Amino acid sequence: MQIKKIFTRIDQLLVDAIIVPVTNNDHLKWQSQGLSLYKSAEKTLAPLIKMDFLSSNGITTIPLPQGIKAKILIICSIIKPEEDGPTTLRDALIAGLKEAQKIRAASVAIAMDDFLDWLPTDSRSNALKIFSLALCDLPYTFDRYKTKSKTANTRKPKALSSMTFCFNKKLSLIDERSINAGEVIAAGMKLTKDLGNLPGNVCTPAYLAKTAKDLAKQNRLKVTVIDQSQLEKMGAGAFVAVARGSREPGKLIILEYKGGSIQDKPYVLVGKGITFDTGGISIKPAGGMDEMKYDMCGAASVLGVMQVLSQLKPKINVIGVIAAAENMPDGNATRPGDIVTSLSGKTIEILNTDAEGRLVLCDALTYIGRYKPKIVIDIATLTGACIVALGHMASGLLSNNNGLASDLLKSGESILDPAWQLPLWKSYRKFMESPFADLANISSGKGAGTITAASFLSHFTEDYVWAHLDVAGTAWENRKSGATGRPVPLLCEYLLTQANTQTLTSRTITPRKTVAKKSKPTRKILLKIVK
Ligand code: BES
Ligand code: MN
Ligand code: ZN
């Protein structure tokens, strides 16, 4: 959805519903837009002061009198708006917009300054990004396969179709850009969610390749698809060990976004794209197995991010790689105990065919070494253990570089798509040893499933700075809620910040050169100081 930005009093807007926050410090407290609205509709709104609807965060809906152009007022009451930074305010906005959807408002205006007023000025533009992202993402539905409700939907004229942010004065360029970034990131999340929600019979490795090709065509990205037979010839034995049990051939998909200069080393994102994970011969129990259609959400997030990059055009180079395969048990499938040679040359004893993500990823991570990456981040629904450790709140983060880990943690925190770091000590490696091969694909010990999986991957990432995001708990929550689009916000925030700091560094380098030319006066000054 595109957000309209209007600079006027909210009671002047002709919309179905307006959303305004209030808080109460003893008295009902309206912010600026709310206050002018209150003054123009005092008769209707004055009795509210007596109402006790501010005992908790909540929503009150009030029909507006005729003098006001909007029909319905949605009041978001927020007890402590300054608490938890933008989180409380974002949640209030979400609740407000949900209410607008409930009453089938087609057009909504939000008194945005009134929400922002509670935040420190320097966090304003980041908050705008968070708000626009959350509000654009909220109306998302996945009803492609609902034949009945689809016709019903076209009959219903009133689905949310316009959203306006109402401001007191013109926006700064940075605020404007932040709102736009939120919209674009939400659109990237939509692509990620759609792919995740599609069933396994539709979203196959070939479908992911087609999606990547379409994205490349629309946005002038370079795309390469390496098919299973080529991978086999190349020696990607770990990848092929997973793909061979399925009728759907596996694919390694590579998308290249070039926003930087030719010599800039690329950031590389690698997504696990298991389009359905039955477990293979180590087959999973039947209950809830349908959710394994989401096992390609890492790959879907790579595509979502590539879409965002091609729209926001940051000045960096990014390569998105997808290891796409289906994990099935058939007559040609890998048996537990089989030993394969990975692309790196390291041999792997596959003790459990359900630990397939690390197998496709290790070959993809070896393959991308040829790009001499600046930084590599893989994104994978890798372990059920990650849900045990962190639930659905934070993505698991493991890295061979603490600088990168802290940058990713900061980005996640800033855009409210958090990750949490787990240790990747070398001492965990002993659990991944095999008596017969260089590595086993499952741990010989109990516990630390997320760490031992990452520890396995770390054997293939020693040549570069690397982080692993285990999104088993965050990419979707349950079959009903569907895909979340995470960690697209975290990754976008990280890459956009990187692009900004890079341009900043090159900017600071340029004046230094000019100073160097006038080196004589600088020396004189230094001498004076020494004297
Ligand atoms: N895709 C699963 C991990 C998963 C499970 C994600 C449930 C989200 C929800 C992965 O391929 C898997 O099966 N992992 C095994 C590893 C084990 C065999 C070492 C797991 O987590 O049980
Ligand atoms: Mn599995
Ligand atoms: Zn899996």
Side-chain angles (χ1 to χ4, degrees), residues 196 200 203 205 208 238-239 241-243 245-246 248 250 270-301 322-329 333-338 348-362 364 378-396 398 422 428 431-434 439-457 468-484 486-487:
C203 186
L208 287 177
F239 185 102
V242 177
S246 167
E248 299 288 342
V270 181
K272 172 179 173 183
I274 298 295
T275 58
F276 197 83
D277 180 12
T278 64
I281 298 300
S282 315
I283 200 158
K284 287 180 182 292
M289 205 209 269
D290 62 289
E291 288 188 38
M292 284 299 115
K293 72 173 184 179
Y294 291 113
D295 214 15
M296 35 54 70
C297 280
S301 71
I322 287 168
E326 191 184 40
N327 189 20
M328 283 288 209
T334 296
R335 314 150 195 79
D338 283 2
I348 303 164
E349 187 184 16
I350 301 176
L351 291 169
N352 189 321
T353 62
D354 197 11
E356 84 297 339
R358 60 199 80 182
L359 295 174
V360 294
L361 284 175
C362 74
D378 80 76
I379 309 102
T381 49
L382 205 64
T383 62
C386 195
I387 312 174
V388 177
L390 300 171
H392 301 285
M393 216 59 98
S395 303
L398 300 101
L422 298 171
Y428 282 103
F431 297 111
M432 303 308 285
E433 285 167 4
S434 151
L439 285 165
N441 83 324
I442 54 166
S443 166
S444 57
K446 279 190 185 141
T450 304
I451 300 173
T452 51
S455 174
F456 175 91
L457 293 177
H468 161 66
L469 283 168
D470 193 328
V471 294
T474 48
W476 85 97
E477 198 163 331
N478 54 57
R479 52 177 262 102
K480 230 178 138 187
S481 60
T484 58
R486 292 177 69 184

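Counting starts at 1 for both ligands and their atoms, in listed order. What's counted below: heavy atoms across the whole structure, side chains too, no hydrogens, waters or symmetry copies. Since the model is a prediction, treat every value here as computed from it, not as a measurement.
- Between T353 and T334, the side chains place no donor N or O within less than 3.5 Å of an acceptor N or O (distance only, hydrogens not considered).
- The two residues A475 and T381 come nearest to each other via the heavy atoms CB-CG2, 4.1 Å.
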Donor-acceptor pairs under 3.5 angstrom involving side-chain atoms of residues 383-394: please list them, not counting sequence neighbours.
from	atom 1	to	atom 2	distance (Å)
T383	OG1	C386	N	3.3
T383	OG1	T450	OG1	2.9
T383	OG1	D470	OD2	2.7
H392	ND1	G473	O	2.7

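- Each of K293, E291, R486 was scored for a side-chain contact (heavy atoms from CB on, under 4.5 Å) with W476, with one residue passing: E291.
- Only protein N, O or S atoms were scored, and 4 of them lie under 2.8 Å from the Zn ion (ligand 3).
- Panel note: side chain S282, backbone G279; no donor-acceptor pair is recorded below 3.5 Å.
- Below the 2.8 Å limit, the Mn ion (ligand 2) has as protein N, O or S neighbours D277 OD2, D354 O, D354 OD1, E356 OE1.
- The main-chain N or O of M432 is never found under 3.5 Å from a side-chain atom of S443 such that the two would form a donor-acceptor pair.
- The side-chain heavy atoms of E356 and I274, taken from C-beta on, include a pair separated by under 4.5 Å.
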| said: side-chain contact (heavy atoms from CB on, under 4.5 Å) for S246 and N327? Distances and angles first, verdict last. | reply: CA-CA 7 Å; S246 167; N327 189 20; over 6 Å; no
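- Listed for the N441 side chain is a donor-acceptor partner under 3.5 Å among the backbone atoms of N352.
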task: Evaluate side-chain contact (heavy atoms from CB on, under 4.5 Å) for R358 paired with I348, printing each intermediate quantity in order.
output: CA-CA 11 Å; R358 60 199 80 182; I348 303 164; over 6 Å; no
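- Within the model, atoms OG of S444 and CG of L351 stand 9.5 Å from one another, a figure rounded to the nearest 0.5 Å.
- Near ligand 1, residues K272, D277, K284, M292, D295, N352, D354, E356, R358, T381, L382, T383, G384, I387, I442, A472, W476 each place a heavy atom inside the 4.0 Å sphere around the ligand atoms.
- In this structure, S395 contributes its side chain and V471 its backbone to no donor-acceptor pair below 3.5 Å.
- Salt bridge status for D295 with K272: present, with a side-chain N to carboxylate O gap under 4.0 Å.
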